[in-house]
Amino acid sequence: MIHQFDAVIVGAGGAGLRAALEIPEGYSCAVLTKVYPTRSHTGTAQGGVCAALGNEEEDSWEYHFFDTVKGSDFLGDQDAIEIMCYDAIRAIIELEHMGMPFSRNEKGLIAQRPFGGHTKPKDPNNPFGERVPVKRACFSADRTGHVMLQTLYENCIKKGVQFFPEFFVTDLIVQDNIIRGVVAIEIATGEIHIFHAKTVMFATGGYGRVFRITSNAVVGTGDGFAIVYRRGIPLEDMEFVQFHPTGLWRLGILVSEAARGEGGVLRNKHGERFMERYAPTIKDLAPRDVISRAMYTEIREGRGIQGPDGTYYLLLDLTHLGPEIINKKLPEITGFARIYLGVDPLKEPIPVVPTTHYAMGGIPTNVDAEVVIDDKGTKIEGFYAAGEVACVSVHGANRLGTNSLLDIIVFGRRGGKKMAEYIKERDFAPLPKDADEWTRKTVERLLNSNGKERVSRIRTELQEIMMDKVSVFRTEEGIKEAIEKIKELKERYKEVKIDDKGKRFNTDLIEAIELGNLLDTAEAIAYSALNRTESRGAHYREDYPKRDDQNWLKHTLIYKNEDKEPIIKYKPVVITKIPPMERKY
Amino acid sequence: MSFRYYGSRKSGSISWLLQRITGIFLIFAMVGHYILMHYSPETGHSYEQSVARFSNAYWKMFYLTFITLGLWHGLNGVWSILRDFKMKPWLAITLYGIIVVSGIAFWVLGVSTALHF
Amino acid sequence: MKVAKTGEGYFKLVASYKKETGGWAWIIHRISGLALTAYIYVHIYALSTLTKGKEAFDAEMALFQKPLFKVLEWLLFAFVLAHTLNGIRIVLVDFGKGSFYHKKAFAYLMIIGIIAFLVMGYFIFSHEIHQAFAGLL
Amino acid sequence: MKVTFRIFRFNPETDEKPYYKDYEVNADPKDRVVDVLHYIKNEIDGTLTFRRSCLHGICGSDGMRINGKNMLACSILLQDLGYTDRDKTYKKPIVVEPLPGMPIIKDLVTDFTDFWKKYEAVKPYLITKTPPPERERLQSPEDVELIMEASKCILCACCTTSCPSTWSNDNYLGPAALLKAYRFIFDSRDEATDERLDIIDTPDGVWRCHTIFHCVQACPKEINITWHISQLKKKLVEREI
Ligand SMILES: Cc1cc2nc3c(=O)[nH]c(=O)nc-3n(C[C@H](O)[C@H](O)[C@H](O)COP(=O)(O)OP(=O)(O)OC[C@H]3O[C@@H](n4cnc5c(N)ncnc54)[C@H](O)[C@@H]3O)c2cc1C
Ligand code: HEM
Ligand code: SF4
Ligand code: F3S
Ligand code: FES
């Protein structure tokens, strides 16, 4: 079936919904999503969304800007970061006006709390001097993402946005650098739909499921990355994968940084507050990459605690906070600890390990969410990307907590505005013949295959190798091993067979296609990681432990090259105000 | 696939409230009734005693309020149960009619009994 | 797209869904409410024979003095108790903070109910009880 | 530990009638039900179909009926389902069925169309008439406290589909939609109270709630929905008298 829409937005997370709100009346807009909009991953975000409102104490967007640049290990593009931090205040107020139920302080203003990496100078007259934590994260208990997603969805209902829920997008229709639409499978019926569009936005979220332990949802299979990558559009900075320090041991379920923002501390086997050694000034509120590495180091040096299954963990101690703070401000995550580990955080510390959390890299875009495919700013006309799948890049080599929810509403909106302009000016580019060929063939192949490989087995092997070799600590040897494995798995993927041969709600088929996406995404991550021979932010190479601004102060762009090794190019980092300096906490 | 929103704005709040108020009254009525009637099995059930009670104006009043509120409460309750089900309009009207007509009939019967004495 | 209902009917669902306090209380309240409504009709009719004279009324009352009817009357009292006491619980839920302690309220009220039920049993059957135990006393 | 899962299976495309299929699996008492479903799908029978996403009870995808009661498959551990520590076994199979009273698309996947229509019927968005101030609208912590619990709802439909009033009348708005109505009626910033009260003040609205509490038992977010509904009823009564 062929549909025609002025704008097609793929993904109904925060970024997609925010963009949809910008499409003006009188133009048709479709939002496609593979799960119901309110099931999107934005809803799991807990801790907060950042803006220098200064409701609790003196703050300025410029401090926020500095923190973000420093947090990014100077790889973030400073023009974009400036836009984001400056726009943050307006964006939060706007959300409030849309109805988002923020927690409030005594004055009736939006309440704020400290978060990892968010600081201000101790002495305002010495902006580059010593810095202390600042209360900058706006929140709604520990359900910030949940209420944000709900609020945005509610406003889409109000506006009458047309949703296509449980439509699984498989392919992008692009020719001569002009976008023409997308191809999707309606999961409920198995039917293939072509959406002919003037403009398309990808807001498909992250790829956490490439790794074994992750805080991401099962649907976080990196579809957006893989689809674009397969169509010859590059991916930027894929080597930067954020590991969040506090995932529930064994499960990876996130315990928000808010737990440490409210005063929780990490301890090792001896009960020592080890972050005092790694980040003497801000300790447990250091950025995520720093803490994750510290935790792995503790475990490696024998100060972790061994669980019954042989794996190690450390402890997140909230016991000193008291029931008032825990029950009021952290109800959700303490519930997780109770349900899944049987641990009562009021009485016992919570077993945690670093968990795969966020994709800093993604589809390269400019500050208006327009996809640009090289260092000269060449655009794919009518193609936009926003949210976790995009790389603007405001997060550089490491994202600060709470900056992602901000990223999605700021750049989701900017992208939406540009799309609105674009659909007013332009006409539909004609659809190529057989636009759905790839999808049709893939579906047919999977349904008719008589191979002997199982989807789940390949997926598990991929997740294992990525977790072992391409996570917090990386070496050339390890990454090469992972690449070999990925190649092997890709071969085996061709032999994959599924049990469900029907059309209706065939999740077996969807999972098989998702596996293909995981493999492509993993390839991009591994090759980018192998290529960058320095350590920066979340990318830590044991064989190159130093940051190397001389050679590597640049973004990676990775292009797919059929079945051969991908091609890697570079793009300069935009530096406007803050020159690179040593990153120390 | 069948959900239809009926915005009929027929407030159910008053009957809901009355159901509770009559219920609270009936608590006292029930307690009174049982203490009076069943305090001892030997007393209270003979013709003479019953007639004597009905000749008492207070008792008469009590009985009248009891059947009025009891019938209203009970039948309103039955109607609220029936409305839990999706009914075709003709069925709803018929059942409502049966409730109202039988309710009035028995109420008249009860009232005429009490006023007979 | 074609979708199918499972064919689970209302009563099957009510019967099979795992019930806790609230569900049981609702069922009891509903059944007892219906029973009491039926009874109020019977009651009005029974008393109406008063107007037909002593004969008619006594004949009817004789019926109600039969042991079977005594048992039924006792059971009716169970309905009255269940409905009344649970009615109190519902009012607490509706107007107070009952929804936070409704399970406890139900438990306590039902204990009261059971005691009252037994006591009433003593009154209703005191004649029979005295007879049965006469030899022993 | 061995445990039998008795799973409701139905593909309206091919099956005449729904049936139950038993799967015997090896599982850990600390596994979630969804872990076992994944295991069955991955290793035993790929045709088993269910929804899931976040796996930690926040997206609302995997509401289903487990051992007779609605809950999220990802928020319940096997050990909480009648597992006895003494003999380390389950006496009875764990029965997994779709949410009751909903149309079935396939196996455990149900059709949410009605559920969303009911949600939309209560105008689930902030309506303001006065122009917004420059900064945020002020709201005291107490004002927010009133709606905090209601805003926890993840729209999983466990409540609505557990309510006997929904089973008998599928036009009943149901607890989830009513809770959403509460969320806005009691939001100190909202200016469409009357409009919304009109919507729920209908025979298929709030008055079909008989305080049965199935919803509260089912709610994975432990929201006391009945309390919220009782606030709505009181507000309606106050308005009328
Ligand atoms: C547990 C957790 C906690 C977090 N906490 C915070 C926090 O406190 N603060 C913060 O700032 N950030 C936080 N983040 C990060 C942040 O939540 C995410 O980065 C952000 O929500 C991503 O939003 P998005 O709109 O890009 O994508 P998502 O919300 O992930 O939405 C993706 C959408 O794309 C759709 N989609 C994907 N693939 C396809 C396809 N093939 N076809 C059709 N549709 C598709 C999905 O259905 C979905 O609707 C957290 C993340 C996690 C995992
Ligand atoms: C003795 C004190 C009584 C109290 C406190 C009481 C209270 C209540 C309340 C609060 C309800 C509303 C339930 C709901 O809407 O969910 C109700 C329902 C009902 N009552 Fe009573 N009631 C009493 C006596 C009676 C009597 C004497 C009768 C019979 C005539 C009766 C018949 C009913 C019926 C049929 C219902 C409907 C049941 C339902 O909706 O499930 N009640 N009662
Ligand atoms: S109220 Fe609870 S059970 Fe109902 S939809 Fe919301 S979260 Fe689910
Ligand atoms: S189960 Fe239904 S009847 Fe009311 S209390 Fe809950 S909505
Ligand atoms: S999978 Fe998200 S709620 Fe269970």
Side-chain angles (χ1 to χ4, degrees), chain A residues 35-36 38-41 43-44 53 92-93 96-99 101-111 140-141 143 146-147 150-151 154-155 157-158 188 217-219 248 250-251 253-254 332 335-336 339-342 454-457 460 498-508 511, chain D residues 11-14 30 32 38 41-43 45-61 75-77 79 105-107 109 111-112 116 119-120 123-128 132 134-141 143-144 147-148 151-155 183-184 187 189-190 222:
Chain A
V35 291
Y36 266 101
T38 57
R39 318 277 186 240
S40 297
H41 207 34
T44 62
L53 295 179
I92 297 297
I93 300 295
E96 198 279 336
H97 289 165
M98 284 181 184
F102 282 104
S103 292
R104 302 286 174 142
N105 64 17
E106 285 309 319
K107 282 177 254 156
L109 301 166
I110 295 171
S140 177
R143 293 181 284 273
H146 168 71
V147 293
Q150 297 270 338
T151 305
E154 286 157 4
N155 280 275
I157 298 276
K158 188 175 181 179
V218 196
V219 294
L248 287 188
R250 243 165 50 101
L251 298 162
I253 295 170
L254 192 77
E332 201 83 15
F336 297 154
I339 297 176
Y340 298 114
L341 295 179
R454 279 194 86 85
V455 172
S456 56
R457 209 142 302 150
T460 316
I498 57 177
D499 292 346
D500 196 338
K501 309 283 188 194
K503 283 180 91 63
R504 166 183 288 241
F505 223 97
N506 190 339
T507 48
D508 220 13
E511 280 186 28
Chain D
N11 181 355
E13 257 183 347
T14 51
K30 279 208 160 23
R32 297 164 283 194
H38 268 144
K41 183 168 182 74
N42 289 342
E43 305 296 332
D45 184 352
T47 60
L48 177 66
T49 307
F50 54 98
R51 291 193 180 102
R52 82 282 177 266
S53 179
C54 69
L55 301 190
H56 63 282
I58 188 69
C59 72
S61 300
S75 300
I76 183 89
L77 305 185
Q79 63 188 13
I105 295 178
K106 184 168 158 191
D107 295 348
V109 176
D111 182 358
F112 269 60
W116 296 119
Y119 164 81
E120 287 174 26
K123 305 205 171 166
Y125 35 79
L126 192 76
I127 299 176
T128 54
E134 184 99 335
R135 291 280 295 210
E136 62 260 53
R137 289 191 159 86
L138 296 184
Q139 232 181 351
S140 70
D143 287 342
V144 190
I147 57 168
M148 260 311 172
S151 65
K152 282 195 326 204
C153 172
I154 56 174
L155 298 168
R183 148 80 183 82
F184 288 101
D187 189 325
R189 298 167 294 177
D190 190 78
E222 295 178 356

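Throughout, a chain's letter reflects where its sequence line sits, starting with A, and its residues are numbered from 1. Remember, predicted model here, so these are calculated numbers, not experimental data. Values below: every heavy atom of this structure, side chains too, minus hydrogens, waters and symmetry copies.
- In plain terms, the two heavy atoms of Ser103(A) and Met148(D) that are nearest each other are OG-CE, 3.6 Å.
- With chain D as the partner, the residue from Leu341(A), Ile339(A), Ile253(A) showing the most heavy-atom pairs under 4.5 Å is Ile253(A).
- Heavy atoms from other residues, nucleotides or ligands lying under 6.0 Å from CD of Glu43(D) number more than 12.
- Judged by distance alone, with hydrogens and angles left aside, the side-chain atoms of His97(A) form no donor-acceptor pair with the main-chain N or O of Glu134(D) at under 3.5 Å.
- Contact of Ile498(A) with chain D is not made at all, since no heavy-atom distance falls under 4.5 Å.
- Between Leu48(D) and Asp508(A), the closest side-chain pair of non-hydrogen atoms is not below 4.5 Å.
- Remark: the Lys41(D) side chain and the Thr507(A) side chain contain an N/O donor-acceptor pair separated by less than 3.5 Å.
- Phe336(A) touches chain D through its side chain: at least one heavy atom from C-beta onward sits under 4.5 Å away, while N, CA, C and O do not.
- When all heavy atoms are compared, the tightest approach of Ile157(A) to Glu120(D) is CD1-OE2, 3.5 Å.
- Arg454(A) and Gly46(D) make their closest contact through NH2-N, 4.1 Å (heavy atoms, listed as atom of the first residue, atom of the second, distance).
- Pairing each heavy atom of Cys54(D) with each of Ala217(A), the nearest pair is CA-CB, 3.7 Å.
- The candidate from His38(D), Arg32(D), Lys123(D), Lys106(D) with the greatest count of non-hydrogen atom pairs under 4.5 Å with chain A is Lys106(D).
- With Arg457(A) contributing its side chain and Asn42(D) its backbone, the two residues share no donor-acceptor pair below 3.5 Å.
- In this structure, no portion of Ser40(A) lies under 4.5 Å from any heavy atom of chain D.
- Side-chain N or O atoms of Lys503(A) include none that pairs as donor or acceptor with a backbone N or O of Glu13(D) at under 3.5 Å.
- Put simply, the side chain of Arg39(A) gets close to the backbone of Ile154(D): a donor and an acceptor are under 3.5 Å apart.
- Scanning all heavy atoms of the two residues, the minimum distance from Val144(D) to Phe102(A) falls at CG1-O, 3.4 Å.
- Inter-residue side-chain proximity for Tyr340(A) and Lys30(D) is flagged as unmet; no heavy-atom pair is nearer than 4.5 Å.
- Highest contact tally toward chain A, considering only Arg52(D), Arg51(D), Arg183(D), Arg189(D), is held by Arg189(D) [criterion: heavy-atom pairs under 4.5 Å].
- Distance alone, capped at 3.5 Å, places no donor-acceptor pair between the His146(A) side chain and the Cys59(D) backbone.
- Looking at Ser151(D) and Gln150(A), their side chains never come closer than 4.5 Å, going by heavy atoms from C-beta outward.
- We find that Arg104(A) and Glu136(D) are not joined by a salt bridge, their nearest charged nitrogen and carboxylate oxygen being 4.0 Å or further apart.
- The backbone N or O of Asn11(D) lies less than 3.5 Å from no partner atom in the side chain of Arg504(A), so there is not a single donor-acceptor pair.
- Summarising the geometry of Gly43(A) relative to Ile58(D), their closest heavy-atom pair is O-CG1, 3.5 Å, with the distance given to 0.1 Å.
- Between chain A and the residues Ser75(D), Ser140(D), Ser53(D), the largest count of heavy-atom pairs under 4.5 Å involves Ser53(D).
- Each of Leu251(A), Thr44(A), Leu254(A) was compared with His56(D) under the side-chain contact (heavy atoms from CB on, under 4.5 Å) criterion, and only Thr44(A) meets it.
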